[in-house]
Amino acid sequence: MQFVGTYEQLADLMQQWFEEYGCDGFNIMPPVLPGDLNEFVDHVVPILQARGLFRKEYTGSTLREHLGVDRPGISHFQKVNTLDKTSITI
């Protein structure tokens, strides 16, 4: 989708997609890098942050913590032998 408008209008559109259509993220691909990306970060992101739609800080230090996913236990990495040796027929 292409968009032309003010920073506020872009934030409105992103908020609408997020709240009304179940959007969980956006891929921002500006036509000119890094200038247009900097413009988005400097002008649109603060509007989204003020609306509570874009985080200001990360909650953890790893991607797993940011997503709220528990670390697997040690057994996750251990080799599991599921073969019952008493049932082998040669």
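For reference, positions follow the sequence shown, starting with 1. Scope of the values below: all heavy atoms of this structure, side chains included, with no hydrogens, waters or symmetry mates. These numbers were taken from a predicted model, which means no experiment stands behind them.
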Residues in ring-ring contact (aromatic ring centres under 6.0 Å, His included) with Y58, at least two apart?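 Y58 satisfies ring-ring contact (aromatic ring centres under 6.0 Å, His included) with H66 only.
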Taking only residues two or more places apart in sequence, or in another chain, which ones meet D12 in a salt bridge (Lys or Arg N to Asp or Glu O under 4.0 Å)?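 R51.
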Give, for atom CZ of F40 and atom CZ of F26, the distance between the pair rounded to the nearest 0.5 Å.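 It comes to 8.5 Å.
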Could you state the interatomic distance from CZ (R64) to CG (D70), rounded to the nearest 0.5 Å?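 Reported to 0.5 Å precision, the distance equals 8.5 Å.
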Closer than 3.5 angstrom, by distance alone: can the side chain of Q49 be matched with the main-chain N or O of R55 as a donor-acceptor pair?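 Checked: pair present.
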Below 4.5 Å, heavy atoms only, C-beta onward: do M14 and I28 meet side chain to side chain?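 When only atoms from C-beta onward are counted, I28 and M14 do touch, with a gap below 4.5 Å.
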Is there a chain of hydrophobic side chains (I, L, V, M, F, W, Y, each step under 4.5 Å between heavy atoms) that links L10 to V32?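 Cluster IDs for L10 and V32 differ.
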F3-L48 co-clustered via ILVMFWY side chain contacts under 4.5 Å: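 Yes, F3 connects to L48 through the hydrophobic network.
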Apart from V69 itself, what residues make up its hydrophobic cluster, given side-chain heavy atom links below 4.5 Å?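 Cluster partners of V69: L63, L67.
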Excluding sequence neighbours, so at least two apart, what forms side chain to side chain donor-acceptor pair (under 3.5 Å) with S61?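 In terms of side chain to side chain donor-acceptor pair (under 3.5 Å), with neighbours along the sequence ignored, S61 is linked to E65.
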Go through the structure and list residues passing side-chain contact (heavy atoms from CB on, under 4.5 Å) with Y7, not counting sequence neighbours.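 Only E39, H43, V44, I47 meet the side-chain contact (heavy atoms from CB on, under 4.5 Å) criterion with Y7.
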If the condition is side-chain contact (heavy atoms from CB on, under 4.5 Å), which residues does E20 pass it with, not counting sequence neighbours?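 Per chain and number, E20 pairs via side-chain contact (heavy atoms from CB on, under 4.5 Å) with Q16.
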